[in-house]
Amino acid sequence: MSETTLKEIMLEVHRREFAEFDNAPEHKFSLRHRINMKLLFMKFERRQRKLREKELSEMNENAGYVPGSSLKQRVTLALIVIILMTLLAGWFIPIRGISEDQINWLRGRYDFHTMKQSVVLAFTDEYGTTQYSYRTTPEYSSFLDDLSDLGVYSEAEMGEIRVRQLPLDTRPGSEETPLLGDIIVIGETAPEGEGPLDSVRKFVARLENMIGFYEERAEDPFRAVKGDAEFAELIRERYLPIPKSFLELLEKLYSDSPDDDVSESQTKNLSVLDKDDRVYLLKIHKL
Amino acid sequence: MIDITFAVIENEEERRELEEFYSENKSRLFRIALSKLHNASDAEDAVQEVFVRIADKPERFFDIPPGERTAYTDVIVRNVAVDMFNRRALIPVDPLEEGIGDSDILLDDGLLGRCSRDEIVEFIERLPELQRNVLSLHCLFDLTIDETAQRLGISLAAAKKRLMLARKAIRAFIEERGKDHE
């Protein structure tokens with residue numbers, strides 16, 4: 001039976017009991033207390049970071065991951081790369097020259113409405129133990145490679161929109177832990193119905209919410225915390241541009257208005273640049 | 001890359017959120033603690049203790065909708081203050097009997113509807129403070145008894161006992177009033 005009424009009653013009890021403290025006068029806390037609280041918040045942030053790092057490294061270990069450098073080092077390295085990239089790009093990273101032909105070509109190669117980003121695999125490691133691992137689906141991986149080959153994003157920029165693949169083996173000379181024995185796909189990681197468009201949209205919305213939250217708070221003299229405006233700016237400048245431009249690109253790709261010419265055309269020629277700037281002419285045959 | 005980026009941002013965001021909550025509510029929490037402890041330094045310690053507990057198990061705090069977090073910390077700080085007061089005054093905590101009774105005495109909507117809401121609110125306000133604290137955390141924030149005990153810094157048996165006594169008293173009150181109305 002429901003106890004919703006009890007909850008409402010308890011809320012009322014609470015309101016009445018603590019009403020006298022609703023407009024409590026400001027108390028000037030002692031220096032000892034203020035220092036203790038400052039230390040407490042610093043410790044809290046450090047502890048949360050450690051826990052997150054531990055969770056990530058446990059995920060990696062579960063997937064048979066052998067780290068080459070600590071997560072902290074890799075996060076620092078990733079941030080340095082992002083900062084340098086952003087500086088080089090003059091804080092502005094547009095979607096570079098994707099033509100309608102290229103969009104239609106991508107539409108012909110992939111079914112974006114059924115595309116999934118990653119799957120969970122079960123596989124046997126070198127000790128004969130069953131391990132589990134996230135892997136980007138071959139389809140999504142190939143799509144990202146195409147974007148890179150088309151010059152829409154550089155390889156470095158792709159790093160920001162690529163779903164992390166686990167296990168990532170950073171041992172010199174190897175790129176991934178070898179998958180031995182039978183490989184079984186045991187599930188898709190994205191919730192049902194959620195493809196790249198939904199997850200990137202969520203990611204961008206979350207970043208934009210964060211910017212809105214910190215900007216709004218920065219302008220409120222009663223709630224502002226030092227550094228709010230700078231933090232909002234940091235997210236806007238450093239973290240948002242590439243995912244946002246990727247979202248715009250995905251929205252174009254998902255829109256149901258394929259070019260009529262292409263759908264009618266049986267053969268299409270397309271110039272593609274590879275990583276070394278060699279030009280290939282592809283002949284696309286519509287089946 | 002996306003998840004690592006988020007991990008870095010989220011740590012900072014949670015800290016800022018907690019600091020902001022502290023800034024907005026510290027004076028309120030101080031006054032609540034002071035009303036029990038009558039000593040400013042002790043009341044400041046009680047406020048600090050609340051945030052030590054939150055920092056220890058932050059997921060529970062961040063799971064609560066922002067608008068209800070003040071109610072949560074009100075209950076915690078009051079309990080911390082009462083606990084500090086009792087320890088300093090060497091007042092023994094109420095002895096607990098072995099073999100705790102049923103803490104799941106149901107107070108469903110049907111039973112509560114047999115009495116006016118104001119009468120029940122007034123009755124609950126007269127319950128012992130620690131019983132109200134357990135009942136509040138358990139009912140308002142859907143904490144398990146185990147979690148409630150942890151948040152209040154009391155034993156599981158003590159939390160169960162207080163919850164059972166509170167529910168039993170409310171039920172008896174409603175049944176009694178129901179009879180009067182008949």
Side-chain angles (χ1 to χ4, degrees), chain A residues 1-14 16-18 20-22 24-27 29-30 32-33 36-37 40-45 47-49 52-53 56 71 74-75 78-79 82 159-164 203 206-207 210 213-214 217 222-223 225 227-228 231 235 239 243, chain B residues 1-16 18-20 22-24 26-32 34-35 40-41 43-45 47-48 51-52 54-55 58 68 70-71 74-75 78 106-113 117-118 120-121 124-125 132 135-136 139-140 142 170:
Chain A
M1 269 211 186
S2 159
E3 284 200 344
T4 47
T5 313
L6 182 62
K7 189 171 177 172
E8 286 163 17
I9 289 172
M10 290 312 298
L11 264 176
E12 180 59 29
V13 170
H14 178 270
R16 283 200 200 184
E17 270 190 297
F18 291 92
E20 61 175 303
F21 303 106
D22 280 348
E26 202 64 27
H27 169 67
F29 281 83
S30 65
R32 179 182 69 94
H33 175 86
N36 284 344
M37 291 307 292
L40 177 77
F41 291 128
M42 280 164 64
K43 261 192 207 167
F44 169 73
E45 189 182 344
R47 187 170 165 269
Q48 290 299 91
R49 184 171 296 152
R52 288 243 159 74
E53 286 175 3
L56 282 173
L71 186 68
R74 279 181 288 136
V75 170
L79 286 175
I82 293 168
E160 287 199 53
I161 52 180
R162 221 176 257 279
V163 176
R164 234 156 53 91
F203 181 66
R206 200 165 166 193
L207 290 173
M210 285 171 71
F213 172 79
Y214 288 112
R217 200 171 67 174
F222 297 103
R223 294 166 61 229
V225 176
D228 274 350
F231 191 56
I235 300 169
Y239 297 107
Chain B
M1 181 64 72
I2 283 174
D3 53 359
I4 294 179
T5 309
F6 258 150
V8 175
I9 295 174
E10 277 178 349
N11 293 328
E12 201 157 336
E13 189 188 9
E14 281 184 352
R15 178 194 164 158
R16 280 165 180 271
L18 193 58
E19 271 192 275
E20 187 197 7
Y22 165 74
S23 301
E24 283 174 359
K26 60 185 179 189
S27 293
R28 175 189 177 89
L29 296 174
F30 171 80
R31 296 290 161 195
I32 296 171
L34 189 67
S35 72
S41 174
E44 286 187 356
D45 286 350
V47 175
Q48 188 181 321
F51 285 88
V52 168
I54 290 173
E68 294 174 18
T70 306
D74 284 350
V75 175
R78 185 173 65 183
L106 202 60
L107 297 172
D108 60 60
D109 295 351
L111 181 82
L112 294 167
R117 186 168 293 197
D118 279 349
I120 302 174
V121 168
I124 293 176
E125 279 180 326
R132 284 204 311 272
L135 196 60
S136 289
C139 296
L140 284 180
D142 299 321
I170 297 168

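Just so it is clear, the model here is predicted, and its values are computed rather than measured. Throughout, a chain's letter reflects where its sequence line sits, starting with A, and its residues are numbered from 1.
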Minimal non-hydrogen separation, [X] against [Y], with atom names:
X        : Y       : result
B/Ser27  : A/Phe29 : N-CE1, 4.3 Å
B/Arg78  : A/Glu17 : NH1-OE2, 2.7 Å
A/Leu40  : B/Phe51 : CD2-CB, 3.4 Å
B/Cys139 : A/Met10 : CB-CG, 4.0 Å

Are any of the side-chain nitrogens in A/Arg217 or B/Glu20 under 4.0 Å away from the carboxylate oxygens of its partner?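 Answer for the salt bridge query: yes.
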
Between A/Arg16 and B/Asp118 (salt bridge meaning N to carboxylate O under 4.0 Å), is one present in this structure?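 Salt bridge flag = yes for B/Asp118 with A/Arg16.
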
Does NZ or CZ of B/Arg15 lie under 6.0 Å from the centre of the six-membered ring of A/Phe44, at an angle within 45° of the ring axis?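 Geometry flag: not set, cation outside 6.0 Å or 45°.
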
B/Glu19 side chain near A/Met37 side chain, heavy-atom distance below 4.5 Å: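 When only atoms from C-beta onward are counted, A/Met37 and B/Glu19 do not touch, as no gap falls below 4.5 Å.
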
What option among B/Ile32, B/Asp45, B/Val47, B/Ile120 has the most heavy-atom pairs under 4.5 Å with chain A?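 Ranked by contacts with chain A, first place is B/Ile32.
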
Looking at [atom1] of [X] and [atom2] of [Y], how far apart are the two atoms once the value is rounded to the nearest 0.5 Å?
X        : Y       : atom1 : atom2 : value
B/Leu140 : A/Leu6  : CG    : CG    : 8.5 Å
B/Lys26  : A/Glu26 : NZ    : CD    : 6.0 Å
A/Phe18  : B/Thr70 : CZ    : OG1   : 11.0 Å

Interchain contact, B/Ser41 with chain A, by part (heavy-atom threshold 4.5 Å):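 For B/Ser41, backbone and side chain are both near chain A.
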
Need one label for B/Glu44: side chain, backbone, both or neither, based on atoms under 4.5 Å from any heavy atom in chain A.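 It is both, since atoms from each part get that close.
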
Would the B/Tyr22 and A/Phe41 ring centres measure less than 6.0 Å apart?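 When the ring centroids of B/Tyr22 and A/Phe41 are compared, they turn out to be within the sub-6.0 Å range.
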
Side chain to side chain contact (heavy atoms under 4.5 Å, CB included), that's the test. Do A/Glu12 and B/Arg117 meet it? Break it down for me. CA-CA 9 Å; A/Glu12 180 59 29; B/Arg117 186 168 293 197; 5.5 Å; no

So which part of A/Phe213 gets closer than 4.5 Å to some heavy atom of chain B, the side chain, the backbone, both or neither?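 Side chain of A/Phe213 only, per the 4.5 Å heavy-atom cut-off to chain B.
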
With under 30° as parallel and over 60° as perpendicular, where do the rings of B/Phe30 and A/His27 fit, or are they tilted in between?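 The arrangement is parallel - the two ring planes meet at less than 30°.
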
Quick one: do B/Glu24 and A/Phe222 satisfy side chain to side chain contact (heavy atoms under 4.5 Å, CB included)? Show the steps, please. CA-CA 8 Å; B/Glu24 283 174 359; A/Phe222 297 103; over 6 Å; no

